[in-house]
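Each chain gets a letter, A, B and so on, in the order the sequences are listed, and its residues count up from 1.
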Protein chains: 2
Amino acid sequence: MLPAERRNHILKMLNKNSKIEIEVVAVELNVSPMTIRRDLALLEEQGLAYRTHGGAVLYNGLHREVPYKSKETTNIDEKERIGREARKLIKEGYTLILDAGTTTLAIARAIKEVKNLTVITNDLKIALELNDDSDANVYCLGGLVQKGLGITLGSEAQDFLSNIRVDICFLAAPAIDLDWGITNPSMEKANLKKKMIKVADQIILVTDHTKFYKKAFVHVADLKDIDVLITDSGVDSKTIEAIRSLGIDTRIV
Amino acid sequence: MLPAERRNHILKMLNKNSKIEIEVVAVELNVSPMTIRRDLALLEEQGLAYRTHGGAVLYNGLHREVPYKSKETTNIDEKERIGREARKLIKEGYTLILDAGTTTLAIARAIKEVKNLTVITNDLKIALELNDDSDANVYCLGGLVQKGLGITLGSEAQDFLSNIRVDICFLAAPAIDLDWGITNPSMEKANLKKKMIKVADQIILVTDHTKFYKKAFVHVADLKDIDVLITDSGVDSKTIEAIRSLGIDTRIV
DNA sequence: TTATTATGTTACCTGCCGAAAGAAGAAACC
DNA sequence: GGTTTCTTCTTTCGGCAGGTAACATAATAA
C-alpha cells in the first residue's frame with residue numbers, strides 16, 4: 001500500500017468516526033504506530049486532522065465542542081459579511097444549492113427574506129434553519145448522516161442531483177490551491193460536490209482565508225470552473241491577483 | 001475513549017444541561033472523579049467552563065439557546081416514559097425506523113446509549129439529535145422539507161424505503177380510531193407511513209392519549225397491523241381492552 | 001550507483017490516570 | 001456562633017501508555 005493511499009485511508013476512517021485511535025489504525029493498516037504518527041503529523045500540517053493524545057479527531061474548523069454561545073459568535077462578522085455578499089447574487093424565485101458547512105449556514109440565514117426560493121442542501125442544520133424562518137421550499141438530500149457534522153452523503157443524494165438543475169450553487173471547500181484547485185479529503189463529499197457543480201448554471205465558492213494553500217486528496221474542481229469567489233481579507237494579494245487573472249469574479253468582504 | 005474525546009463529551013453535557021456534577025460525569029464516562037477535575041481545570045483554562053464545587057457550569061452562565069425551535073411542549077413526561085418503554089424493545093445492532101414526530105424524538109433521546117444501531121428517519125430533528133450524541137448510523141430520508149415541521153416527504157423517501165428492511169418501526173399517529181384504525185390528514189405522509197410498515201418486521205405504535213377517538217382523511221393501517229402499542233394512562237380502559245382483544249401487546253406507561 | 005524517501009526500532013521523555021492523604025468548603029448540629 | 005462531620009478539592013506520587021528523536025534499514029527515484 002502506497003503512503004498516499006494509506007493517508008487517504010486514515011482520512012476515510014476519520015471521516016467515518018470523526019476520531020481515530022493510533023493503535024487501532026496501525027493494526028488495521030498493518031504498519032507501526034510510528035508510521036501512523038508521522039502520517040497524522042502530516043495531515044495536521046495540512047489542516048485536515050487534529051492530533052490528540054492517542055489518536056486524532058476530525059478537523060472541521062471546530063475540532064472541539066464549543067458552547068453554543070461562543071459557537072455563534074466565532075467569526076460571526078466574517079460569515080455574516082460573506083452571507084450578505086452571497087445574497088446579492090440571488091434573485092427572487094431562484095433555485096439554488098447550498099453545500100454543507102458553517103459559511104453556507106451563514107448564507108442560509110442571510111437569504112431568509114428572499115421570496116420564493118427553492119433550496120437544495122445536504123446539511124440538516126441549513127434545512128432546519130430555513131424551514132423555521134423562511135418561506136423557501138427546502139429539499140434535503142437523503143442518505144447516511146455523517147457523524148458529528150449533521151450532513152448527508154450517499155448515492156441517494158447523487159441520484160437526486162442527477163434529476164435537477166439549479167440557477168446557482170454555493171460551494172464550500174476545505175482546501176484550495178492555485179495549482180490543484182479545490183480538493184477534499186473525502187471521496188464521497190468530493191463526488192457530491194462535483195455533482196453539485198455539474199447541475200448548476202453558476203458556481204460561487206465561499207470560503208474563509210484559512211482554506212487557502214491547502215491540498216487534500218480528491219480533486220473536486222479546477223479554479224477555472226468557479227464563477228465567483230467570496231472570501232475574507234485574510235488572503236494575500238498575490239493569490240487574489242492570480243485568481244482574478246483566471247477570470248473569476250473575486251469578492252473580498 | 002480518547003482524552004480529547006472525553007473532554008468533548010463533557011462540553012456536550014455542559015451545553016445540554018448548562019451544569020454538570022463531577023461524580024455523575026465520572027460514572028458516565030467510567031473514569032475517576034480526579035480525571036474529570038483535571039479535564040475541567042483544562043476547560044476552565046480555555047474559558048469554556050466555569051468550575052464550581054462538585055461540578056461546573058457554562059462559562060457565561062446563560063442557559064443554552066435551543067438551536068432549533070421545538071414544539072415539544074405538550075405531555076413531555078408522558079413522552080419520556082414512552083421513550084423509555086420503547087427502548088426496552090430495542091436490542092444492540094438493531095435496524096429501526098423512527099417515524100417523524102415529537103414522541104419518536106423522545107424515543108431517539110432514550111436510545112442514545114444503545115450500541116450499534118442503524119436508524120432511518122424522515123425527521124431532521126431526530127437525525128441531528130442522534131448524530132450529536134449517539135454512535136448510531138443514521139440515515140435521513142431526503143425530499144421536500146415540510147414547512148415548520150422539519151420532516152421530509154417525497155418520492156425519494158419512498159424509493160429509499162423500497163430498498164431496505166428493518167427489524168422494528170416506531171410509528172407515530174395523529175388519529176386513532178377503533179373502527180378506522182390509524183388515519184392521517186396528509187396523503188403523502190400516509191403513503192410514507194404505509195411504506196414504513198411494509199418494510200418492518202415489527203410495528204410499534206407510540207402515541208399519547210390525545211390521539212385516540214380521532215379520524216383523519218387517509219387510511220394508514222388497521223389496528224391489527226400493529227404489534228405493540230405504547231401509550232399513556234389517559235386512554236380509557238374499555239378502549240384498551242378492545243385493543244388488547246385484537247392481540248396487540250398494549251403497554252401503558 | 002547515489003540520493004531520497006519511507007519505515008521500523010530503540011531509548012528516553014512526557015502526559016495521563018488513579019490512589020492516598022491532607023486542606024478547604026459546605027452543611028448540620030448543638 | 002462555633003464545632004463537628006461530611007464532602008469535595010488539591011497535591012503528590014508511581015505506574016503506564018503514548019509521544020519524540022535519533023539511528024538503522026529498506027524501498028524508490030534519479
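With hydrogens and angles left out, the side-chain atoms of A:Asp159 and A:Ser162 include no donor and acceptor closer than 3.5 Å. The closest side-chain donor-acceptor pair between A:Thr121 and A:Asp123, if any, does not fall under 3.5 angstrom.
Between B:Tyr50 atom OH and D:dC9 atom C1' the separation is 15 Å, expressed in whole Å. With rounding to whole Å, B:Ile36 atom CD1 is found 18 Å from D:dT7 atom C1'. Atom-to-atom, CZ of B:Arg37 to P of D:dT12 comes out at 16 Å; the value is rounded to the nearest Å. Atom CG in B:Leu29 sits roughly 11 Å away from atom P in C:dG18 (whole-Å rounding). The interatomic distance linking A:Glu23 (CD) with D:dA17 (P) rounds to 11 Å, in whole Å. In this entry the distance linking CD1 of A:Ile22 with P of D:dA17 reads 15 Å, nearest Å. Regarding B:Leu42, its CG atom lies at a distance of 16 Å from the C1' atom of D:dT10, rounded to whole Å.
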Please list, for nucleotides 6-9 of chain C, all pairs of protein and nucleotide N/O atoms separated by less than 3.5 Å.
from	atom 1	to	atom 2	distance (Å)
C:dT7	OP1	A:Arg6	NH1	2.6
C:dT7	OP1	A:Arg6	NH2	3.4
C:dT7	OP2	A:Arg6	NH2	2.7
C:dG8	OP2	A:Ser32	N	3.0
C:dG8	OP2	A:Ser32	OG	2.9
C:dG8	OP2	A:Thr35	OG1	2.4
C:dG8	N7	A:Arg38	NH2	2.7

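Look at A:Asp232 and A:Arg81 and you find no salt bridge, because none of the NZ, NE, NH1 or NH2 atoms lies under 4.0 Å from a carboxylate O.
Taking 4.0 angstrom as the limit, B:Arg51 places none of its side-chain polar atoms (N or O) nearer than this to OP1 or OP2 of C:dG25.
Shortest non-hydrogen contact noted between A:Thr207 and A:Ala173 is OG1-O, 3.7 Å. Nearest heavy atom pair, residue B:Lys91 against residue B:Leu117, reads O-CD2, 3.6 Å.
You'll find the side chain of A:Ile243 stays beyond 4.5 Å of the side chain of A:Val235, heavy atoms only.
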